[in-house]
There are 2 protein chains.
Amino acid sequence: MAQSSKQTQTDKLAADIADSILSGVLAPGARLDEHGLAERYAVSRTPVREAIRSLAAMGLVELRPRRSAVVAEITPEKLETMFVAMGELEATCARLSALSMTPIERRRLQNQHERMGALVETDDVAGFVEANVTFHGLIYAGSHNTILADMVIRLRRRLDPYRRAQFRSPGRLPRSQAEHDLVVQAIVSGNAAGAHAAMLDHVSLVEDTFVSLTATRAA
Amino acid sequence: MAQSSKQTQTDKLAADIADSILSGVLAPGARLDEHGLAERYAVSRTPVREAIRSLAAMGLVELRPRRSAVVAEITPEKLETMFVAMGELEATCARLSALSMTPIERRRLQNQHERMGALVETDDVAGFVEANVTFHGLIYAGSHNTILADMVIRLRRRLDPYRRAQFRSPGRLPRSQAEHDLVVQAIVSGNAAGAHAAMLDHVSLVEDTFVSLTATRAA
DNA sequence: AGTTGCGATTTTGCATGCAGAATTGATTGA
DNA sequence: TCAATCAATTCTGCATGCAAAATCGCAACT
């Protein structure tokens with residue numbers, strides 16, 4: 001990802017702890033003991049403290065003065081809110097892509113979409129999931145707005161653990177592909193409102209899948 | 001603003017330095033010397049370092065390993081990007097408000113809008129500016145999505161220094177009010193797409209005002 | 001039995017000190 | 001006169017230490 005020697009201990013710690021949180025190794029609500037973490041990573045408490053501060057500003061951990069920092073709890077309500085926010089941001093990126101993608105970017109998006117069509121044919125779920133990340137990434141980039149793109153990328157990363165089984169449900173691949181088709185058509189033809197609506201539909205359906213999953217999990 | 005004794009030195013420093021940056025006391029590109037800041041605030045370097053780290057995660061300062069942190073430069077391109085992002089987020093909040101505001105919230109928005117009409121009549125610019133913040137705040141809250149609301153609030157705060165003279169141009173008040181009227185009507189009637197479009201129009205026009213201002217400033 | 005008060009321990013917040021990288025300035029050579 | 005090199009200084013990254021706040025455990029009381 002990034003060079004390892006150039007960045008500071010603090011940066012490495014922040015990245016590693018963030019991974020631990022996002023991957024679920026550190027469960028929500030878990031206390032981040034400075035001394036313990038320092039010992040675990042064989043550094044002093046100072047870089048640990050600074051790393052925790054970074055994570056707090058990113059919203060990954062909650063910082064209560066004079067009390068241990070804890071991994072931010074994600075309530076179902078908050079999760080719902082995050083999914084809605086991500087859907088809206090995705091739709092916005094699609095809208096902006098329709099308005100400001102270059103011809104080359106539109107071509108690339110079409111190519112990626114066609115490539116994914118082949119993966120649907122062979123029912124290659126793993127391949128599709130990977131290509132799907134690229135597909136959405138093209139749209140983030142196509143918005144030509146790094147602020148929005150960063151926001152949605154961060155949200156996606158944050159929601160990743162809750163999206164794992166997204167393409168498990170049978171028949172999801174061809175359906176996703178069909179939804180993508182509407183999005184691509186709108187973007188390529190410069191139909192901003194259409195791209196917005198199509199993407200919103202697409203991600204909302206994904207969200208529905210998620211909701212049913214959590215319902216299952218909660219039972 | 002917040003209680004002063006409960007929060008830590010680091011928090012107070014972060015807030016104060018952030019204010020200095022947002023108010024322009026610390027100009028973009030200015031180096032944040034840890035020792036100097038520590039001396040200025042009569043604390044040690046440790047809380048200063050931690051505060052700077054928080055600001056870095058918020059995007060207010062740029063952190064280059066082994067080199068001084070500097071106040072994040074805002075290039076005209078970046079500023080443009082931020083304004084576009086804020087416009088899209090505002091429009092999204094308006095959209096969600098149209099979908100999910102409670103009857104009480106819709107009523108409140110209408111009331112606020114009507115109150116601002118009176119301020120336009122008397123040409124009370126200061127009063128209108130203040131009421132305008134409340135007006136937009138109602139829409140952020142009305143989205144019932146704290147993630148998006150936080151994003152747009154933070155962006156607004158960040159852009160504030162560049163919006164100071166927003167209502168200086170003659171005739172801006174009645175025009176703003178007319179634009180607001182379209183937004184309010186759409187939200188109150190539950191017209192999501194209309195609210196989105198109306199708000200986008202509104203903030204885009206504000207942006208145009210800004211663009212002309214920077215053009216003036218640059219000359 | 002449950003609750004409240006108090007002391008011991010843990011843990012955070014901050015100061016200080018040191019090693020190494022980066023910057024500055026001066027000196028030297030073309 | 002200007003550019004390049006090298007030494008001195010400055011500043012960052014991190015470790016360590018100390019004081020205060022918070023937490024925990026135990027005991028006494030209602």
Side-chain angles (χ1 to χ4, degrees), chain A residues 1-21 25-73, chain B residues 1-21 25-73:
Chain A
M1 272 200 184
Q3 65 267 51
S4 57
S5 60
K6 259 291 196 180
Q7 60 183 356
T8 65
Q9 294 281 46
T10 300
D11 291 325
K12 281 189 269 188
L13 283 177
D16 205 274
I17 297 174
D19 276 347
S20 296
I21 294 174
V25 173
L26 283 168
R31 295 180 36 165
L32 293 176
D33 178 53
E34 295 177 2
H35 186 71
L37 284 172
E39 199 157 341
R40 186 178 176 329
Y41 288 100
V43 294
S44 82
R45 277 178 48 225
T46 307
V48 172
R49 284 178 61 79
E50 294 181 1
I52 289 177
R53 263 252 149 221
S54 290
L55 299 178
M58 290 173 51
L60 277 179
V61 309
E62 206 173 336
L63 218 52
R64 307 159 307 169
R66 287 283 175 191
R67 265 139 95 224
S68 290
V70 297
V71 177
E73 298 270 6
Chain B
M1 268 207 180
Q3 66 267 48
S4 58
S5 61
K6 258 294 197 178
Q7 58 184 354
T8 64
Q9 295 280 45
T10 300
D11 292 324
K12 282 189 270 187
L13 284 176
D16 205 273
I17 297 174
D19 277 347
S20 296
I21 293 174
V25 173
L26 282 168
R31 295 180 35 165
L32 294 177
D33 178 52
E34 295 176 3
H35 186 71
L37 284 172
E39 198 156 342
R40 187 176 175 330
Y41 288 99
V43 294
S44 82
R45 278 178 47 223
T46 306
V48 172
R49 283 179 60 80
E50 293 181 1
I52 288 177
R53 218 154 242 274
S54 291
L55 300 177
M58 291 172 51
L60 277 179
V61 309
E62 205 173 336
L63 220 52
R64 307 159 306 170
R66 289 283 175 192
R67 263 140 94 223
S68 290
V70 297
V71 178
E73 297 272 7

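These figures come from a predicted structure and were not determined experimentally. Lettering follows sequence order; numbering is per chain, from 1.
Not a single donor-acceptor contact under 3.5 angstrom links the side-chain atoms of T8(B) to the base of dT12(C).
With dT16(D), dC11(D), dC14(C) as the choices, the nucleotide that has an atom nearest any side-chain atom of D33(B) turns out to be dC11(D).
Residues P65(A) and D11(B) have side chains in contact (heavy-atom distance under 4.5 Å, counting atoms from C-beta outward). Here the side chains of L13(A) and Y41(A) are in contact, with some heavy-atom distance below 4.5 Å.
Checking the phosphate oxygens (OP1, OP2) of dT16(C), no side-chain nitrogen or oxygen of T46(B) falls inside 4.0 Å. In terms of phosphate contacts, T10(B) brings a side-chain nitrogen or oxygen within less than 4.0 Å of OP1 or OP2 of dC14(C). Between S68(A) and dT12(C) there is a side-chain N or O to OP1 or OP2 distance below 4.0 Å. Taking only side-chain nitrogens and oxygens, R66(B) never comes nearer than 4.0 Å to OP1 or OP2 of dC11(D).
Between the CG atom of L32(A) and the P atom of dT10(C) there is a distance of 20 Å, given to the nearest Å. Atom-to-atom, CD of E34(B) to C1' of dC14(D) comes out at 11 Å; the value is rounded to the nearest Å. Atom CD in E50(B) sits roughly 8 Å away from atom P in dG13(C) (whole-Å rounding). Distance, H35(A) NE2 to dG17(D) P: 12 Å, rounded to whole Å. In this structure, I52(A) places its CD1 atom 9 Å from P of dG13(C), rounding to the nearest Å. Rounded to whole Å, atom P of dT11(C) lies 17 Å from atom CG of L63(A). Computed from coordinates, the Q9(B) CD to dA21(D) C1' distance equals 15 Å when rounded to whole Å. dA15(D) atom P lies 11 Å from atom CZ of R49(B), rounded to whole Å.
Of the residues near DNA chain C, R64(B) and R45(A), the one whose nearest nucleotide (by heavy atom distance) lies more toward the 5' end is R45(A). Residues D11(A) and R67(A) both approach DNA chain D. Their nearest nucleotides, taken by heavy-atom distance, put D11(A) toward the 5′ side. A residue-by-residue look at R31(A) and R31(B) shows that R31(A) has its nearest nucleotide of DNA chain C further toward the 5' end.
Look at R40(B) and D33(B) and you find no salt bridge, because none of the NZ, NE, NH1 or NH2 atoms lies under 4.0 Å from a carboxylate O.
Each of L55(A), V71(A), V70(A) was checked for a side chain to side chain contact (heavy atoms under 4.5 Å, CB included) with E62(A), and the lone residue meeting it is V70(A).
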Criterion side chain to side chain contact (heavy atoms under 4.5 Å, CB included) on T46(A) and E50(A), from CA distance to verdict
CA-CA 6 Å; T46(A) 307; E50(A) 294 181 1; 3.9 Å; yes

